[in-house]
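Note sheet for the following structure.
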Amino acid sequence: MKRSTLAALSLAIATTLGAGLAAADPIVIKFAHVVAENTPKGLMADRFKELVAERLGDKVVVEVYPNSQLFGDDKVLEAMQLGDVQLAAPALSKFSRYTDVLALYDLPFLFEDLHAVDRFQQSEAGQGLLRSMEKKGLIGLGYLHNGMKQLSSSQPLRVPEDAKGLKFRIMASEVLEAQFEALDAAPIKKPFSEVFTLLQTKAIDGQENTWSNMYSKKFFEVQPYITESNHGLLDYLVVTSTEFWNGLPDDVRDTLKAALDESIAYGNRIAYDKEAEDRQAIIDSKRTEVIELTPEERAQWVQAMRPVWKQFEDEIGADLIDAAYAANQE
Ligand code: LMR
């Protein structure tokens with residue numbers, strides 16, 4: 001081959017390769033969630049997107065889809081297994097199709113506050129639960145808080161009998177179903193995106209959620225009473241698919257994990273603040289009456305709901321329940 005032909009050929013190859021590299025598509029991480037942007041999860045997702053843009057430039061692009069825009073929590077995990085979404089943070093209550101043990105977090109009156117939740121989640125037992133779904137193709141990358149749940153209703157709820165016969169929306173969890181059945185109430189499993197309309201049209205009487213979700217989704221505008229029960233926990237598992245995660249180049253995965261850890265820590269700090277701030281904002285709105293329970297009234301709710309633990313003890317494991325409950329003691 002003539003030298004000039006060879007040179008032309010090398011140039012052509014180099015140009016093609018160069019063009020190929022320049023056009024190499026960045027890895028796209030779709031992060032789908034169901035809550036508003038101004039919530040612990042919404043702000044955590046946005047922080048993650050910013051950190052990844054700073055640190056991985058054009059190698060990885062994070063797209064955040066809030067407010068159930070891309071998938072509701074009833075579909076997102078299947079979509080993740082199919083590769084249609086890469087990151088989500090559904091409530092721990094929404095994994096019952098994949099594992100029994102995460103139902104632990106739904107047991108009523110298990111944790112006194114978010115500090116106890118932190119202590120348990122950082123323990124070996126708590127960290128072990130992150131890997132409980134690997135055989136199903138899902139990996140938990142970390143826990144994210146929202147807060148303690150309160151009961152909202154069309155009727156004032158002071159003692160468990162007040163809930164009798166009322167219809168409450170719940171997340172898709174058997175423990176939560178049993179919890180309302182223990183009150184002789186009627187639990188109805190519905191996606192988060194439908195709750196406001198169900199309350200507004202009075203198709204249901206009440207629901208349980210955090211101050212942050214009730215504030216950001218305006219549930220307090222269509223519920224005349226909120227009982228400050230702190231009876232349960234709403235926490236999230238930041239989750240991805242094993243196939244996606246293990247298929248990433250090592251350096252990219254490490255950088256993503258560090259960015260996730262930082263954004264989760266940021267979201268968790270916001271969760272602590274929002275428990276107080278959004279509660280106050282709801283009280284200040286004067287759209288709803290916030291009912292504070294006396295210790296005697298609260299004890300009645302504990303007594304009514306606590307038998308649910310026994311019902312799920314075999315599935316969850318008595319040792320795990322004991323370990324979680326022990327985290328209430330510092
Ligand atoms: C709910 O469905 O009530 C919550 O899981 C929504 C959320 O993600 O906080």
To the nearest 0.5 Å, atom CD1 of Ile188 lies from atom CD of Gln207 at 12.5 Å

Can you tell if the side chain of Ile270 reaches within under 4.5 Å of the side chain of Met44, non-hydrogen atoms only? no

ring-ring contact (aromatic ring centres under 6.0 Å, His included) between Phe95 and Tyr105: does it pass, once the steps are laid out? CA-CA 11 Å; Phe95 290 89; Tyr105 288 103; over 10 Å; no

Excluding sequence neighbours, so at least two apart, what forms side chain to side chain contact (heavy atoms under 4.5 Å, CB included) with Asp205? Ser154, Leu166, Lys167

Residues forming a salt bridge (Lys or Arg N to Asp or Glu O under 4.0 Å) with Lys75, sequence neighbours excluded: none

Is it the case that the side chains of Tyr272 and Asp118 hold a donor-acceptor pair, with the cut-off being a distance below 3.5 Å and no angle test? yes

To the nearest 0.5 Å, atom CG of Leu293 lies from atom NE2 of His231 at 11.0 Å

Please report the closest heavy-atom contact between Ala125 and Leu320, naming both atoms and the distance. CB-CD1, 4.1 Å

Validation row: Ser285, Phe220 side chains within 4.5 angstrom (heavy atoms): yes

Test log, rule side-chain hydrogen bond (donor to acceptor under 3.5 Å, both in side chains), inputs Gln86 and Thr240: CA-CA 6 Å; Gln86 288 68 40; Thr240 187; over 6 Å; no

Which heavy atom in Leu114 sits nearest to a heavy atom in Gly147, and how many Å separate them? CD2-CA, 4.1 Å

Looking only at non-hydrogen atoms, find the nearest pair between Pro90 and Leu77 and report the distance. CG-CD2, 4.2 Å

Check this for me: does any side-chain nitrogen of one of Arg279 and Glu228 sit under 4.0 Å from a carboxylate oxygen of the other? yes

What pairs with Ser96 under side chain to side chain contact (heavy atoms under 4.5 Å, CB included), at least two apart in sequence or on another chain? none

Taking Asp84 for the side chain and Val76 for the main chain, is one N or O donor matched with an acceptor at less than 3.5 Å? no

Gap separating the CZ atom of Phe111 from the CG atom of Leu104, nearest 0.5 angstrom: 5.5 Å

Any side-chain heavy atom of Gln121 sitting closer than 4.5 Å to one from Asp235? yes

Check ion pair Arg298-Glu112 (N to O, under 4.0 angstrom): no

Do Arg269 and Tyr266 have side-chain heavy atoms sitting under 4.5 Å apart? yes

Heavy-atom distance under 4.5 Å between the side chains of Pro40 and Lys274, does that happen here? yes

Give the minimum heavy-atom separation between Lys94 and Phe192, together with the two atoms involved. NZ-CB, 4.5 Å

Nearest 0.5 Å please: distance from the CD1 atom of Ile321 over to the CZ atom of Phe312. 10.0 Å

Cut-off 3.5 Å, side chains only: do Gln150 and Asn230 have a donor facing an acceptor? yes

So, the side chain of Lys41 versus the backbone of Ala89: is there a donor-acceptor pair under 3.5 Å, distance only? yes

With heavy-atom distances below 4.5 Å as the criterion, would you say the side chains of Leu130 and Leu237 are in contact? yes

Would you mind checking if Lys49 and Asp46 are paired as a salt bridge, meaning a charged N to carboxylate O distance below 4.0 Å? no

I want to check something: taking the side chain as every heavy atom from C-beta on, are Tyr236 and Leu234 in contact at a cut-off of under 4.5 Å? yes

Pair Ser216, Asn38: side-chain N/O donor-acceptor within cut-off below 3.5 Å: no

Are any of the side-chain nitrogens in Arg97 or Glu78 under 4.0 Å away from the carboxylate oxygens of its partner? yes

Would you verify whether the NZ or CZ of Arg47 falls within 45 degrees of the ring axis of Phe31 while also being under 6.0 Å from that six-membered ring's centre? no

Tyr143 side chain near Val238 side chain, heavy-atom distance below 4.5 Å: no

